[in-house]
Asks: 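Have a look at the structure that comes next, please.
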Amino acid sequence: MDRKSSDRIAVKPDHQGSTKAMYAVNVFSPRDAAEMARRMIEKESRGNGDQMNAYDKVAERCGMSARQLRRFLQGELKDPGYRLLNGILNGWASLWRSEISKMQRELDAHKARYGSGHISDIEAEAKALVDRFEAAMAAAKQR
C-alpha cells in the first residue's frame with residue numbers, strides 16, 4: 001500500500017531520492033517575521049529607554065512573552081515554530097488594523113467638523129487601502 005504523507009508532516013524528495021522535511025510556513029520566513037517584529041518594536045518605542053516596554057507591548061500583541069520575542073530576535077531560537085511565526089504575522093496585522101482605524105477616526109472627525117467635500121478623495125483612498133490590506137492578509141492566511 002502506498003501511503004502519502006499528511007500536510008502536517010510535508011516532505012519533498014531531494015536529489016538523492018530520500019526525503020527531507022519542509023517548513024510549515026515556506027512563504028512567511030523567520031527573516032520576514034524578525035523584520036516585522038523589529039518594525040513593531042520601533043513603532044511602539046518612544047526612545048532609547050523604552051525598548052523593554054516596547055518588547056512587552058509587541059509580545060502581548062503577538063500572543064507570546066517578551067522573553068520569547070527577545071530570544072527569537074537575538075537568534076537564540078534556531079527553529080521557530082509555526083505558532084511563533086503566525087503570532088508575529090497576526091500581531092503585524094493587528095498593528096496596522098489599529099493604525100487604519102485611527103486614520104478613519106481622524107477622517108470622520110474632520111468630516112464632522114468641516115463637511116465631506118474637502119476629503120472625499122482621501123476617503124476613497126482610505127477605503128481602497130483597507131480593501132487592499134484585508135485582501136493581502138487573507139492571501140497570507142491561505143498560504
Side-chain angles (χ1 to χ4, degrees), residues 1-113 116 118-143:
M1 178 194 280
D2 184 27
R3 295 183 185 226
K4 296 189 182 226
S5 63
S6 69
D7 287 342
R8 185 178 73 81
I9 306 172
V11 295
K12 85 177 191 189
D14 64 10
H15 62 280
Q16 282 93 14
S18 63
T19 58
K20 64 180 181 177
M22 292 173 33
Y23 287 102
V25 182
N26 288 329
V27 177
F28 185 62
S29 71
R31 185 181 304 162
D32 295 336
E35 178 66 24
M36 286 180 179
R38 283 188 182 96
R39 286 185 181 187
M40 284 191 285
I41 290 168
E42 183 179 309
K43 185 152 186 56
E44 291 290 340
S45 177
R46 293 189 178 147
N48 287 334
D50 196 41
Q51 273 79 24
M52 296 310 286
N53 290 332
Y55 271 101
D56 290 336
K57 289 176 188 175
V58 171
E60 183 179 330
R61 185 180 292 269
C62 295
M64 64 183 74
S65 70
R67 183 173 189 273
Q68 283 177 307
L69 182 62
R70 277 194 305 277
R71 288 186 67 214
F72 171 67
L73 291 176
Q74 292 171 354
E76 292 178 25
L77 298 177
K78 298 299 178 196
D79 189 20
Y82 173 78
R83 190 173 185 187
L84 184 130
L85 296 177
N86 194 45
I88 292 173
L89 179 62
N90 288 336
W92 178 256
S94 169
L95 171 73
W96 288 108
R97 278 189 186 99
S98 87
E99 290 295 316
I100 288 170
S101 69
K102 284 180 193 175
M103 177 185 62
Q104 288 173 329
R105 282 193 303 271
E106 285 187 32
L107 285 172
D108 290 343
H110 185 83
K111 186 166 65 171
R113 185 170 181 182
S116 64
H118 298 80
I119 60 169
S120 60
D121 293 341
I122 296 172
E123 282 183 312
E125 289 179 29
K127 174 76 170 109
L129 177 64
V130 169
D131 293 342
R132 285 179 48 207
F133 176 76
E134 292 301 330
M137 291 312 300
K141 291 289 184 184
Q142 290 178 350
R143 293 181 187 172

Asks: If every non-hydrogen atom of Arg38 is compared with every non-hydrogen atom of Leu73, which pair is closest and at what distance?
Replies: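 Smallest interatomic distance, heavy atoms only, reads NH2-O, 2.9 Å.
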
Asks: Without swapping roles, check the side chain of Arg39 against the backbone of Trp92 for a donor-acceptor pair under 3.5 Å.
Replies: no

Asks: Identify, with sequence neighbours excluded, every residue that meets side chain to side chain contact (heavy atoms under 4.5 Å, CB included) alongside Arg97.
Replies: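 Partners of Arg97 by the side chain to side chain contact (heavy atoms under 4.5 Å, CB included) criterion, ordered by chain and then number, come out as Ala93, Phe133, Glu134, Met137.
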
Asks: Less than 4.5 Å apart, side chain to side chain, heavy atoms only: is that true for Leu77 and Gln68?
Replies: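 A side-chain contact under 4.5 Å is absent here.
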
Asks: What's the spacing between Glu44 CD and Arg61 CZ if we round to 0.5 Å?
Replies: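 Taking CD in Glu44 and CZ in Arg61, the distance rounds to 5.5 Å.
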
Asks: If you round to the nearest 0.5 Å, how far is OH of Tyr82 from CG of Leu89?
Replies: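 Leu89 atom CG to Tyr82 atom OH measures 8.5 Å (nearest 0.5 Å).
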
Asks: To the nearest 0.5 Å, how far apart are OG in Ser94 and CD in Glu99?
Replies: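 Interatomic distance, Ser94 OG to Glu99 CD, rounded to 0.5 Å: 10.5 Å.
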
Asks: Return the minimal non-hydrogen interatomic distance between Leu107 and Ala126, and the atom names on each side.
Replies: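 Closest approach of Leu107 to Ala126: CD1-CB, 3.8 Å.
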
Asks: Not counting sequence neighbours, which residues clear side chain to side chain contact (heavy atoms under 4.5 Å, CB included) with Ala136? List them please.
Replies: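 So Ala136 forms no side chain to side chain contact (heavy atoms under 4.5 Å, CB included) with any residue.
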
Asks: If you look at every heavy atom in Asp56 and Ala66, which pair is closest and at what distance?
Replies: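 So the two residues come closest at OD1-CB, 3.1 Å.
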
Asks: I'd like to know whether Gln104 forms a side chain to side chain contact (heavy atoms under 4.5 Å, CB included) with Ile100, so could you lay out the CA-CA distance, the side-chain angles of the two residues, the decisive distance to 0.1 Å, and finally the verdict.
Replies: CA-CA 6 Å; Gln104 288 173 329; Ile100 288 170; 4.1 Å; yes

Asks: On a heavy-atom basis, which atom in Met64 and which in Leu84 lie closest, and how many Å separate them?
Replies: CE-O, 3.8 Å

Asks: Atom CE of Met36 and atom CG of Leu85: how far apart are they, to the nearest 0.5 Å?
Replies: 10.5 Å

Asks: The test is side chain to side chain contact (heavy atoms under 4.5 Å, CB included); show your working for Asn53 and Arg46 and say whether it passes.
Replies: CA-CA 9 Å; Asn53 290 332; Arg46 293 189 178 147; over 6 Å; no

Asks: On a heavy-atom basis, which atom in Val58 and which in Ala37 lie closest, and how many Å separate them?
Replies: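 Closest approach of Val58 to Ala37: CG1-O, 4.5 Å.
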
Asks: Can you check whether Leu95's main-chain N or O pairs, donor with acceptor, with Ser98's side chain at less than 3.5 Å?
Replies: yes

Asks: To the nearest 0.5 Å, how far apart are CD1 in Ile88 and SG in Cys62?
Replies: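 With rounding to 0.5 Å, CD1 (Ile88) is 5.5 Å from SG (Cys62).
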
Asks: Nearest 0.5 Å, what's the NZ-NZ distance between Lys43 and Lys57?
Replies: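 Rounded to the nearest 0.5 Å, the NZ-NZ separation comes to 11.5 Å.
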
Asks: What is the minimum heavy-atom distance between Leu129 and Met103, and which atoms define it?
Replies: CD2-CE, 4.0 Å

